[in-house]
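Every chain is numbered from 1, with letters handed out A, B, ... down the list of sequences. Because only heavy atoms are used, hydrogens play no part in the values below, and waters and symmetry mates are left out as well, while side chains stay in.
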Amino acid sequence: MKTGPIAAFFAGREPQIGIDWQFEGFPGKAHTFSRRRSALVISDTTALRYEQSDPDVRLMLKVRDDDAAAFEELMLRYQNRLVNILRHLVSDGDLAEDLGQEVFLRVYRARKRYVPGAKFSTWLFTIANNVALNALRSKSRRHEVNLAANESGPMGANPMEKMLLAASSQMPVRQIDKSEMRAMVREALGALNQRQRMAVLLNKFEDMSYADIAETMELSPQAIKSLLARARENLKLVIQPYLSDGERPKVK
Amino acid sequence: MNDDSPELDGDTLQLVAYLDGELEADERRTVEERLGTDEVYRLEMQLLQGAWDALDQLPRHSAGENFAHTTVAMIALAGEQQQTESQADAPRRLRRQWLGGLIGMAAAAAIGFVAVSWSLPEENTQLVEDLPVLENLDAYQQVGDLDFLQGLQEAGLFVEDEVTDDSAT
């Protein structure tokens, strides 16, 4: 395992073993990180299975034993993936990084209570989903983002309807280039509601199964199946006209 | 659009699950058979996949150069604040612990006292019970025979003297 500035940082400042870290805000599986999961008891068999099959779980168990180098390794493995997902969720680079740090802070605070009841990535992105959700709600309360009652994305109320209308309109068209295509896809994703967007991102970028996404988002696999089908249907309806014609209607 | 939109088309549900590799073997076979014969169904699958592949156009964002360093600094700061709060609270906790210990000891002592008091016979109790004998001890010693006394009692010759105000004085 490589060492670096983080391990060196900790070498001069021993992690305070024995301090009772208060685990704030994220009820979950450590086992305190979800209201639903806090009542679950992870069997030794399950914990052992994940420990044996998931190298990131083994790293986290070392973090539980105050191994700073292990924490550094986990951060390096996941920071880009985490920030990428968060960036697409909240559409704000600085906020995405802040939220990413919050996620790692919560992971570190929860380390003493950690028992592997899922893949490490599932656990991490469960925390990320919760952190992002809270952030979007805070933004909504501060009226910085106009969220509709259905928790639409940061593009305001009924963005999908607007995009569908534009895609199906008879407005004059023009050729689009690759950068515009990229922007259009970004807008199409942003037009999904928060849950659809999260499910799509986890499926697309993290290659998560329906079961893992369900666990991350605290929904049933059947709900995830519907969520993804609806999201992909929406994406198809918006993106397809651009793919077929290579042309972009003017968006009102 | 939200999750409460009108019912999804069953074909869309099935095709998306198929594209995601989430169907059981028999369901997958059913879909594949239909894809071979149903052109509209096949086109729908292509459109869904095409839109999905378009997401590859999305940029892959990375964490900033200082992300790891600032995250560690933030965690260390949070740990120091935690430790400071814990140390500030230490005298209060220590007082609570001492008080708790004293109360516990006092309670244990009280319980022990009551238990011992209840279990051991009181010396004076025995004396009070023996008082009638002590008052007439001289007379009983002159008789000197306990069986004889019991016989007299059974014959009803020992009568309780009635206590009057005059006799009490």
So, do [X] and [Y] sit near enough that their side-chain heavy atoms are less than 4.5 Å apart?
X	Y	value
B:Val72	A:Met75	yes
B:Leu48	A:Glu233	yes
B:Leu55	A:Val200	yes

Let's test your reading of the structure: which of A:Ala211, A:Ala231, A:Ser226 forms the most heavy-atom pairs below 4.5 Å with chain B? A:Ser226

Under a 4.5 Å cutoff for heavy-atom pairs, which residue among A:Lys225, A:Glu97, A:Lys204, A:His88 has the most contacts with chain B? A:Lys204

If the condition is salt bridge (Lys or Arg N to Asp or Glu O under 4.0 Å), which residues does B:Glu44 pass it with, not counting sequence neighbours? A:Lys236

Please enumerate all residues that pass salt bridge (Lys or Arg N to Asp or Glu O under 4.0 Å) together with B:Asp138, with sequence neighbours excluded. none

Give, as side chain, backbone, both or neither, the part of A:Asn203 having an atom under 4.5 angstrom from any heavy atom of chain B. both

Given B:Thr70, B:Leu15, B:Asp9, the one with more heavy-atom pairs under 4.5 angstrom with chain A than any other is B:Thr70

Leading residue by heavy atom contact count with chain A [cutoff under 4.5 Å; candidates B:Leu58, B:Asp56, B:Leu19]: B:Leu58

CZ/A:Arg81 to OG/B:Ser62 distance, rounded to the nearest 0.5 angstrom? 12.5 Å

Evaluation steps, side-chain contact (heavy atoms from CB on, under 4.5 Å), between B:Thr71 and A:Tyr108: CA-CA 11 Å; B:Thr71 302; A:Tyr108 191 71; over 6 Å; no

Taking all heavy atoms of [X] and all of [Y], pick out the closest pair and write down the distance.
X	Y	value
A:Ile239	B:Ala54	CG2-CB, 3.8 Å
B:Ile75	A:Leu105	CG1-CD1, 3.7 Å
B:Leu13	A:Ala229	CD2-CB, 3.7 Å

Using a 3.5 Å distance criterion without hydrogens, assess whether the side chain of A:Asn80 forms a donor-acceptor pair with backbone atoms of B:Ala63. yes

Does a salt bridge link A:Arg232 with B:Asp20, judged by any charged N lying under 4.0 Å from a carboxylate O? yes

Would you tell me whether A:Ser209 and B:Glu22 have side-chain atoms, one donor and one acceptor, within less than 3.5 Å of each other? no

Residue pair B:Arg60, A:Phe205: steps toward the side-chain contact (heavy atoms from CB on, under 4.5 Å) verdict: CA-CA 9 Å; B:Arg60 299 293 175 117; A:Phe205 288 130; 2.9 Å; yes

